[in-house]
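So you know, we letter chains A, B, ... as the sequences are listed, proteins then strands, and number each from 1.
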2 protein chains.
Amino acid sequence: MALEHAILVSLAERSASGYELARRFDASIGHFWRASHQQIYKVLGRMESDKLVESHLVAQESRPDKRVYAITAEGREELAAFTRTPTGPEVLRSDLAVKLRALPFGDRDAIVASVRQRRADHAATLAGYEASAARFYPDPAAVPAEQLGAWLVLSGGMRAERGGLEWCDEILQALGERR
Amino acid sequence: MALEHAILVSLAERSASGYELARRFDASIGHFWRASHQQIYKVLGRMESDKLVESHLVAQESRPDKRVYAITAEGREELAAFTRTPTGPEVLRSDLAVKLRALPFGDRDAIVASVRQRRADHAATLAGYEASAARFYPDPAAVPAEQLGAWLVLSGGMRAERGGLEWCDEILQALGERR
DNA sequence: GTCAGCATGTAAAAAGTTACATGATTAC
DNA sequence: GTAATCATGTAACTTTTTACATGCTGAC
């Protein structure tokens with residue numbers, strides 16, 4: 001029940017439709033949580049039965065109607081309770097690491113290509129985060145208290161992307177490939 | 001079908017029982033892939049039907065018998081084929097990031113405690129990795145070709161742990177907490 | 001005598017992925 | 001006319017998690 005909490009945070013910041021939530025998961029929280037729209041719609045339905053969120057239809061001009069979800073008081077309580085639960089270790093799943101480990105048994109060129117691709121992905125994501133950072137937090141030392149959490153998450157995302165990028169470079173160098 | 005490949009790599013390096021595989025997932029590959037013993041036993045059963053692995057019982061003195069699994073030729077082909085597939089983006093799920101984002105809506109002290117705990121976890125894991133590195137790869141510049149993949153994965157694990165540790169410190173500092 | 005480690009599983013429930021399905025508008 | 005964006009879902013399937021279940025040995 002962890003996607004629920006990610007959705008609750010997102011809705012606590014601002015009400016949204018399922019579609020909008022899906023796009024937020026591609027962006028801001030994106031680095032630390034990913035969810036497809038199918039999954040989000042399903043979970044939203046359950047959360048509404050559980051009274052954690054409530055929705056109403058909003059008509060739009062020249063666009064389909066949308067169902068906008070808002071967090072309820074009960075949802076806020078649930079979210080606060082979540083912050084008090086112990087945090088377990090992170091769940092990681094790296095296909096790339098499995099492939100690296102498979103170097104002696106697999107196709108070296110294909111693995112190198114995967115690393116190059118991953119490097120490009122990290123570079124692109126990092127550039128996106130840095131643009132966000134420059135725009136929304138021009139002075140990191142003076143982030144207002146209510147935005148501190150969001151800033152720290154973005155900062156963590158940048159750290160992780162930079163780290164991933166450097167790792168890719170290390171790998172390419174060790175494999176004697178120029179990037 | 002990704003746990004399968006992680007298991008194939010592990011068995012390609014050395015045959016093992018389900019129990020031993022589960023422990024390897026706690027250690028070496030641990031940083032990049034995690035699996036419970038229940039899951040491993042189930043997947044091993046399927047993999048044996050699929051002829052990717054084969055097993056035989058090994059009697060032991062003063063310990064329960066164990067079923068040792070070995071990779072088959074077909075399993076090696078499957079593993080090689082896997083290294084040729086395109087690598088998608090990493091799947092990440094960070095409860096801690098969700099909690100940070102929930103700072104304005106949750107319990108600050110509890111969140112800080114989670115960050116402290118995470119910092120301690122990173123420090124402990126990093127120490128373990130560094131011990132492995134010192135022991136198995138005393139000279140990183142001279143790692144033999146067949147161990148290069150394993151070394152790069154370990155190096156990636158150390159990078160990630162250091163990165164996580166620094167992030168925790170950044171968070172604690174921003175929240176005005178001393179570690 | 002109790003706890004940790006070795007060893008292997010089943011069953012049920014929850015979570016997540018993939019494929020399918022529809023339909024309007026706007027930009028090229 | 002074709003593709004992208006907005007917008008919402010269902011169905012089938014796979015994967016993962018959690019709880020339950022057992023039993024021996026060796027160390028303290």
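- Put simply, NZ on B:Lys66 is 14 Å from P on C:dG9, counting in whole angstrom units.
- As rounded to whole Å, 8 Å separates atom C1' of D:dT14 from atom CZ of B:Arg46.
- With a 6.0 Å radius and a threshold of 12 heavy atoms from other residues, nucleotides or ligands, B:Gln173 has its CD atom at or below the threshold.
- Comparing atom distances between the B:Arg63 side chain and each of D:dG9, C:dC6, D:dA19 picks out C:dC6 as nearest.
- Using a 4.0 Å cutoff on non-hydrogen atoms, no part of residues 85-101 of chain B comes near DNA chain D.
- When distances run from any side-chain atom of A:Pro64 to the nucleotides C:dT17, C:dT8, D:dA7, the shortest one goes to D:dA7.
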Checklist entry - Could you walk me through whether B:Arg67 and B:Ser55 pass the side chain to side chain donor-acceptor pair (under 3.5 Å) check? => result CA-CA 6 Å; B:Arg67 179 169 291 277; B:Ser55 73; 2.8 Å; yes
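- If you take OG on A:Ser15 and OH on A:Tyr69, they are separated by 12.0 Å, rounding to the nearest 0.5 Å.
- Using a 4.0 Å cutoff on non-hydrogen atoms, the parts of residues 14-25 of chain B near DNA chain C are B:Ser17, B:Gly18, B:Tyr19, B:Arg23, ordered by number.
- Regarding contacts with the backbone of C:dG9, every side-chain N or O of B:Gln38 stays at 4.0 angstrom or more from both OP1 and OP2.
- Remark: aromatic rings of A:Tyr129 and A:Trp151 are distant, center separation not under 6.0 Å.
- Toward the 5' end of DNA chain C, the nearer of the two residues A:Lys42 and B:Tyr41, judged by each one's closest nucleotide, is B:Tyr41.
- Remark: A:Lys99 qualifies as a cation-pi partner of B:Phe82 under the 6.0 Å distance and 45° angle criteria applied to the six-membered ring.
- Counting heavy atoms from C-beta outward, B:Leu52 and B:Glu4 have side chains that approach closer than 4.5 Å.
- Residues meeting the salt bridge (charged side-chain N to carboxylate O under 4.0 Å, His left out) test with A:Glu74, sequence neighbours left out: none.
- The distance between atom CD of B:Glu48 and atom C1' of C:dT8, rounded to the nearest whole Å, is 14 Å.
- At whole-Å resolution of the value, CZ in A:Arg67 and P in D:dC6 are 20 Å apart.
- A:Gln60 comes within 4.0 angstrom of sugar-phosphate atoms only, judged by non-hydrogen atoms across all strands, and of no base.
- Using a 4.0 Å cut-off between charged side-chain N and carboxylate O, B:Glu20 and B:Lys66 make a salt bridge.
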